[in-house]
Engineer: 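The following block contains the structure, expressed as structure tokens.
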Number of protein chains: 2
Amino acid sequence: MWLPYVFTYLKMNESDPRATRSRTALLNAGVETLLQNSNATLTEIAQVAGVGRATLYRHFQTREQLIIELAAESLMATDQACAHIRSKEMKGREAIEAIFTSVMPLADRFHFLLSLWSYVETNETLKTTYHAQLSQLKARIKEAKLDSSIDESLPEEWLVCLMDNLLYTGWYCIATGSLSASEASKLAIRSFFDGMGVKTNNHSRDDESVFP
Amino acid sequence: MWLPYVFTYLKMNESDPRATRSRTALLNAGVETLLQNSNATLTEIAQVAGVGRATLYRHFQTREQLIIELAAESLMATDQACAHIRSKEMKGREAIEAIFTSVMPLADRFHFLLSLWSYVETNETLKTTYHAQLSQLKARIKEAKLDSSIDESLPEEWLVCLMDNLLYTGWYCIATGSLSASEASKLAIRSFFDGMGVKTNNHSRDDESVFP
DNA sequence: CTTTTATGAGACGTTATTGTATCTTAGGTT
DNA sequence: AACCTAAGATACAATAACGTCTCATAAAAG
């Protein structure tokens, strides 16, 4: 499992099952609590985790370090969700559809990451990882333009931001319970390539309507 | 001009030019400062406004009241930007295109409103206004489905959230300087109805590409 | 069974921000 | 010119949250 090499703070033996249990509980509680309220206190996070506040401070030196590590885990989760896209060397539209399909079940983590971006911006390791992901995404967009899946006149920044926000839209609809992750990813793919108009020609891979 | 009837707190004569000047400066500084950092302090807001902190407290009883009033102004701004759509009784796709065109120059206010939603949720007047706007938007979407501009199988919640996020995408690109409000609204309209694929048929009103 | 170590509870100090109050000054009205 | 009133500076009190420290307990290791 990914080791938090981004910083070296460590007060105890991480292989002790009590320490592993506490740390995992804190990270999970951190995402859950901070997604609901980005100003949630450390006391609230510890309570949700079911551990003492002093224990939280044994695992994370400061509030900022907890958040940085939560952001690192979210980045790593989305990165690992896309690992098969790299290993299979998917390109263009195929890769973009796979990104939507793979990341949408993690849309909560993705949204969480964006909501705490001001913390992430100060951490060089996280910025490096994020920018590596962004470069790969831009390469896939460029390929989709070459294979005529995307109109090549469209600005790259708009396309990247649109993909981010389609993931957000999916997260929102999943969170409110109106869509499953699968439905949301299909709608995101359709929104991205075909828009919300009535379908008039058959260049979409998934031809049948998302809803009967 | 819209009077903040949502609450009756008022310590001084609002028609005094000094009071009007201070209040306007505080509201503008409030949006600017809180957009950058939703946790900005009242001291920071007063400094950006160029008024004393005590003056801020003469105009707004608490931090929360300032924010509620900022949200009210943002709601009113977007509502007034769409007034001509109502007065001309625009429907369906025409109305939706006009919404994008009218609101996009106010995308910063719109984004600001969404970022402070947790405050708004506690204010009945703001919620009422927002839900009235939402009902009108849903009516326009329903009309667009009837005039075959939107695939009627698509879920309403997705469509509404997508429009919100297209405005956010526009705001982001305007804020980073890569697009003008006009360019952004055209891209939002195209993204919404046609998606990012290569154009293969001519059902869009604005047929020429956004970019040559 | 003994030793080691992670943890929980609680006390404490520090800091930042909010909110209140007062006095003096200067802008606006009559 | 006189009067009224909005504002700026500053001091003060209260509160919330962060971060540190200590002691006793219990879980894990040997």
Engineer: Nearest to the side chain of A:R21 - D:dA27, D:dA6, C:dT20?
Structural biologist: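 Selected nucleotide: D:dA27.
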Engineer: Quick one: which of C:dG8, C:dT7, D:dA17 gets closest to the side chain of A:T41?
Structural biologist: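 Of C:dG8, C:dT7, D:dA17, D:dA17 is nearest to the side chain of A:T41.
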Engineer: About how many Å separate CD1 of B:I85 and CD1 of B:I99, when rounded to the nearest 0.5 Å?
Structural biologist: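 Reported value, rounded in 0.5 Å steps: 5.0 Å.
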Engineer: Measure CG/A:L66 against C1'/D:dG19 and give the value in whole Å, please.
Structural biologist: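 It works out to 14 Å between those atoms.
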Engineer: Would you mind reading off the distance between B:L56 atom CG and D:dA7 atom C1', rounded to a whole angstrom?
Structural biologist: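 Rounded to whole Å, this separation is 12 Å.
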Engineer: Whole-Å distance between D:dG19 P and A:R58 CZ?
Structural biologist: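 So the CZ-P distance, A:R58 to D:dG19, works out to 16 Å.
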Engineer: Using atom CG of B:N39 as one end and atom C1' of C:dT17 as the other, report the distance to the nearest whole Å.
Structural biologist: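 The answer, rounded to whole Å, is 12 Å.
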Engineer: Look at the side chain of A:R63 and decide which nucleotide, out of C:dA6, D:dC18, D:dA7, has an atom nearest to it.
Structural biologist: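 Nearest to the side chain of A:R63 among the choices is D:dC18.
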Engineer: Side chain of A:D16, heavy atoms from C-beta onward: which of D:dA9, D:dA28, C:dA9 has the nearest atom to it?
Structural biologist: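 Nearest nucleotide to the side chain: D:dA28.
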Engineer: Grab the CG-C1' distance between B:L26 and D:dA7 for me, whole Å please.
Structural biologist: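 So the CG-C1' distance, B:L26 to D:dA7, works out to 11 Å.
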Engineer: Is the phosphate of C:dA6 approached by A:T55 (side-chain N or O, under 4.0 Å from OP1 or OP2)?
Structural biologist: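 For A:T55, the contact criterion (side-chain N or O under 4.0 Å from OP1 or OP2 of C:dA6) is not met.
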Engineer: A:R18 CZ to D:dA26 C1': how many Å, rounded?
Structural biologist: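 Interatomic distance, CZ of A:R18 to C1' of D:dA26: 8 Å.
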Engineer: For the side chain of A:L42, starting at C-beta, report the closest nucleotide among D:dC18, C:dG19, C:dA9.
Structural biologist: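 In terms of side-chain proximity for A:L42, the closest of D:dC18, C:dG19, C:dA9 is D:dC18.
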Engineer: Which nucleotide wins on minimum distance to the side chain of A:V51, given the candidates D:dG19, C:dG8, C:dA21?
Structural biologist: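 Nearest listed nucleotide: C:dG8.
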Engineer: Ring pair (Phe, Tyr, Trp, His ring centres under 6.0 Å), that's the test. Do A:Y130 and A:W117 meet it? Break it down for me.
Structural biologist: CA-CA 11 Å; A:Y130 172 74; A:W117 192 249; 4.6 Å; yes
Engineer: Name the closest nucleotide to the A:A19 side chain, picking from D:dA11, C:dA11, C:dT7.
Structural biologist: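 Nearest to the side-chain atoms of A:A19, counting from C-beta on, is C:dT7.
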Engineer: Could you work out which one of D:dC21, C:dT22, D:dG19 sits closest to the side chain of A:Y57?
Structural biologist: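 The nucleotide sitting nearest to the side chain is D:dG19.
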Engineer: Would a distance-only check, ignoring hydrogens and angles, find a side-chain to backbone donor-acceptor pair under 3.5 Å from A:N165 to A:Y168?
Structural biologist: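 No; judged by distance alone, with no hydrogens or angles, the pair does not exist.
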Engineer: Does one side chain, of B:S191 or A:W158, offer a donor that lies under 3.5 Å from an acceptor on the other?
Structural biologist: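 Present: a donor and an acceptor within the cut-off.
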Engineer: With a 4.0 Å cutoff (strictly under), does any side-chain N or O of B:H59 reach OP1 or OP2 of D:dA6?
Structural biologist: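 Answer is no, no contact under 4.0 Å.
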Engineer: Rounded to whole angstrom units, what separation is found between the CZ atom of B:F60 and the P atom of D:dA6?
Structural biologist: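 Going from B:F60 (CZ) to D:dA6 (P), I get 15 Å.
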Engineer: Take a 6.0 Å sphere around CD of B:E152 and say whether it holds more than 12 heavy atoms from other residues, nucleotides or ligands.
Structural biologist: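 No, the 6.0 Å shell around CD holds no more than 12 heavy atoms from other groups.
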Engineer: Whole angstrom is fine here: how far is it from CZ in B:R53 over to C1' in D:dT10?
Structural biologist: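 The distance from CZ of B:R53 to C1' of D:dT10 comes to 10 Å, rounded to the nearest Å.
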